[in-house]
Trainee: 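Would you mind keeping the following structure in view while I ask a few things?
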Amino acid sequence: MYSGKTLLATVLLAVPLVEAQAPLNVEQSTGFNSSFTLSTSQIEAANLSSTAALNINVAINFDRSQLANGGPAEDSFYELPPLSGTPIPGTLLKVQEFTNASSFVIPPNTALSRILYTTTNFNGTVIPASAFILWPFTPKKFQAGSASTKAPAVIWTHGTEGFFASAGPSTHRALWYGHEGPFTLALAGYAVVAPDYAGLGIHKSWDGSKIPHQYLMSQTSGHDALYAFQASLEAFPDTLDERFVVIGHSQGGGVSWGVAEVLEAKGDDKFKGLVKGYLGTIAVSPTTDAFIGKIGFILPWIGMILPSIFPDFDISTWLTPLGIARTKLLQEVEGGIAVSTQLFLSGDKIIQDDYDKTWYVDAYGKLANAGRKAFKGPLLVIHGTEDYYIPENATAATVQATCEVVPGGDLEYLVVNGTWHVPTLDATRQIWLKWIEDRFEGRALEKTGCVKSSLESFLPLERYQATGNSFPQFAGSPEFSYQVPLGL
Ligand SMILES: *[C@@H]1O[C@H](CO)[C@@H](O)[C@H](O)[C@H]1NC(C)=O
Ligand SMILES: *[C@@H]1O[C@H](CO)[C@@H](O)[C@H](O)[C@H]1NC(C)=O
Ligand SMILES: *[C@@H]1O[C@H](CO)[C@@H](O)[C@H](O)[C@H]1NC(C)=O
Ligand SMILES: *[C@@H]1O[C@H](CO)[C@@H](O)[C@H](O)[C@H]1NC(C)=O
Ligand SMILES: *[C@@H]1O[C@H](CO)[C@@H](O)[C@H](O)[C@H]1NC(C)=O
Ligand SMILES: *[C@@H]1O[C@H](CO)[C@@H](O)[C@H](O)[C@H]1NC(C)=O
């Protein structure tokens, strides 16, 4: 048996960083490595209180500190190669086969690649986009098709990070969802192919025009996902399997559902090369009703990109002058969710009372929303009853309407009693991992047709930690290495 002393000595001896040239340990503050401050004119234009302005500064410095290699503005990976000929969607533009992950916080013994590729916006214009692939140390093996030496693929479609270049998961130290999605999937043996939806990561096209992130357009982002996979197969023909499952959360739950619809769309053979490898889709806490939930967020977020879809849209029909000024500030500072909270959920009047009477609400919902259409199954939809952003009954209504339109479809709706928006992913991890495994194994569905099921917690609900309160913290610089005793 080890005595405490022997064990400690063994551990210390095994840690090379405590040898001769050990760096000075430095306290890591919440100031991180960015020093952004709003200007006086920005504060005045958005009529911000001094508290709100301070809060925004801290939130932006935090967000910027989460950018690996300084984000798209500093990372040469995001520089577009010159355009040769007329761009075709799904074209591979650039492969970074080995992404040096030293400024990411991915789990040890996972490996990262990134690609640039082409996709289309809602109107069919070909635009560049970015994606990452997170590789497992050992690909998961299945009884069925055990001859394959390639890694089984899962397309991961992420939930809302933001709306601008710096909000691409491929540039976030934790790939934005960390252990909630991509880390878990890669550690389970899957190659995780994950698009930054158009407008995120790459924010400008070849001619310098801005690429708006067409927020909540589930099938449009679904195209981004499928083209990213097509380009990834071209980039990694020897290591990436053609067989794939799609899983997404929140905005990305709408997108994964959108993928299932795109693959089923009549008369559309854009993805006929991919269909044969398709095994099914999971949509967790999905957005299927764009204007439900936190409307103070939704109207600025959709309103700022709506002219890219409806050129006549006038944002003053949705937002007050103050709301417009704050949306402008959000764009200037490339703010994400935390900044939006300060700008739009402060209690100040930023929404016009009768925004919902405008034609655009209904028209956009029809274009954007997943559900109520034919889809290529099987589809597993999961939602928690305590979801803070998307009420469970909204998803229940979409599921029911979808089952009426597609009575023969395989759609299981799993309702989880007591779980919140993102934590529903944690509560159901075993279920979705098993579901993915079953599809690769070619097992029959446990439940066919349109079915509803439910999940209760094992212990009384009140004993569980309901919400997340931590994140993977970058400690990769030598002066912070004392923070990762489990890193070596
Ligand atoms: C700006 O904020 C101040 C203080 O909260 C408030 O009194 C004023 O009405 C606001 N102005 C506008 C245009 O919203
Ligand atoms: C923050 O650190 C990253 C390295 O992880 C670096 O590339 C980036 O330039 C730094 N940002 C600032 C604003 O110092
Ligand atoms: C990754 O980048 C770090 C920091 O620039 C460097 O020290 C390291 O050698 C690189 N690793 C590889 C395998 O290139
Ligand atoms: C995009 O398509 C919509 C619907 O077909 C059309 O109304 C709109 O004018 C187009 N928008 C742009 C910017 O071309
Ligand atoms: C969901 O429940 C809320 C609160 O009970 C209700 O206001 C809303 O109309 C319901 N939505 C649907 C789609 O049933
Ligand atoms: C959900 O959980 C709560 C709290 O544990 C319990 O009271 C309730 O009966 C459960 N709901 C259903 C539908 O089982």
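Position 1 is the first residue of the sequence, and the numbers go up from there. Remember, predicted model here, so these are calculated numbers, not experimental data. In each ligand, atom 1 is the first atom listed, and ligand 1 is the first ligand listed.
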Trainee: Give a yes or no on whether the backbone of Gly449 and the side-chain of Asp410 come within a donor-acceptor separation of less than 3.5 Å.
Mentor: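 Pair found, side chain donor or acceptor close to backbone of Gly449.
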
Trainee: Of all heavy-atom pairs between Leu200 and His158, which one has the smallest distance, and what is that distance?
Mentor: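 Heavy atoms only, the tightest pair is CD1-CE1, 3.7 Å.
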
Trainee: Taking the six-membered ring for Trp, is the centroid-to-centroid distance between His249 and His421 below 6.0 Å?
Mentor: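 Between His421 and His249, which both carry aromatic rings, the centre distance is below 6.0 Å.
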
Trainee: May I have a table of the N/O to N/O pairs between ligand 1 and the protein that fall below 3.5 Å, each row giving the two atom names and the distance to 0.1 Å?
Mentor:
{"from": "ligand 1", "atom 1": "2 (O)", "to": "Asn47", "atom 2": "OD1", "distance (Å)": "3.2"}
{"from": "ligand 1", "atom 1": "2 (O)", "to": "Asn47", "atom 2": "ND2", "distance (Å)": "2.4"}
{"from": "ligand 1", "atom 1": "11 (N)", "to": "Asn47", "atom 2": "ND2", "distance (Å)": "2.7"}
{"from": "ligand 1", "atom 1": "14 (O)", "to": "Asn47", "atom 2": "ND2", "distance (Å)": "3.4"}

Trainee: For Trp135 and Phe236, I'd like to know if the aromatic rings sit close, meaning centre-to-centre distance below 6.0 Å.
Mentor: yes

Trainee: What residues, two or more places apart in sequence or in another chain, satisfy side-chain hydrogen bond (donor to acceptor under 3.5 Å, both in side chains) together with Thr448?
Mentor: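 In terms of side-chain hydrogen bond (donor to acceptor under 3.5 Å, both in side chains), with neighbours along the sequence ignored, Thr448 is linked to no residue.
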
Trainee: Does the cation-pi check pass for Arg114 over Phe132, that is, NZ or CZ under 6.0 Å from the six-membered ring centre and within 45° of its axis?
Mentor: no

Trainee: Can you name the atoms of ligand 3, numbered from 1 with element, that are less than 4.0 Å from a heavy atom of Ser102?
Mentor: 1 (C), 2 (O), 3 (C), 4 (C)

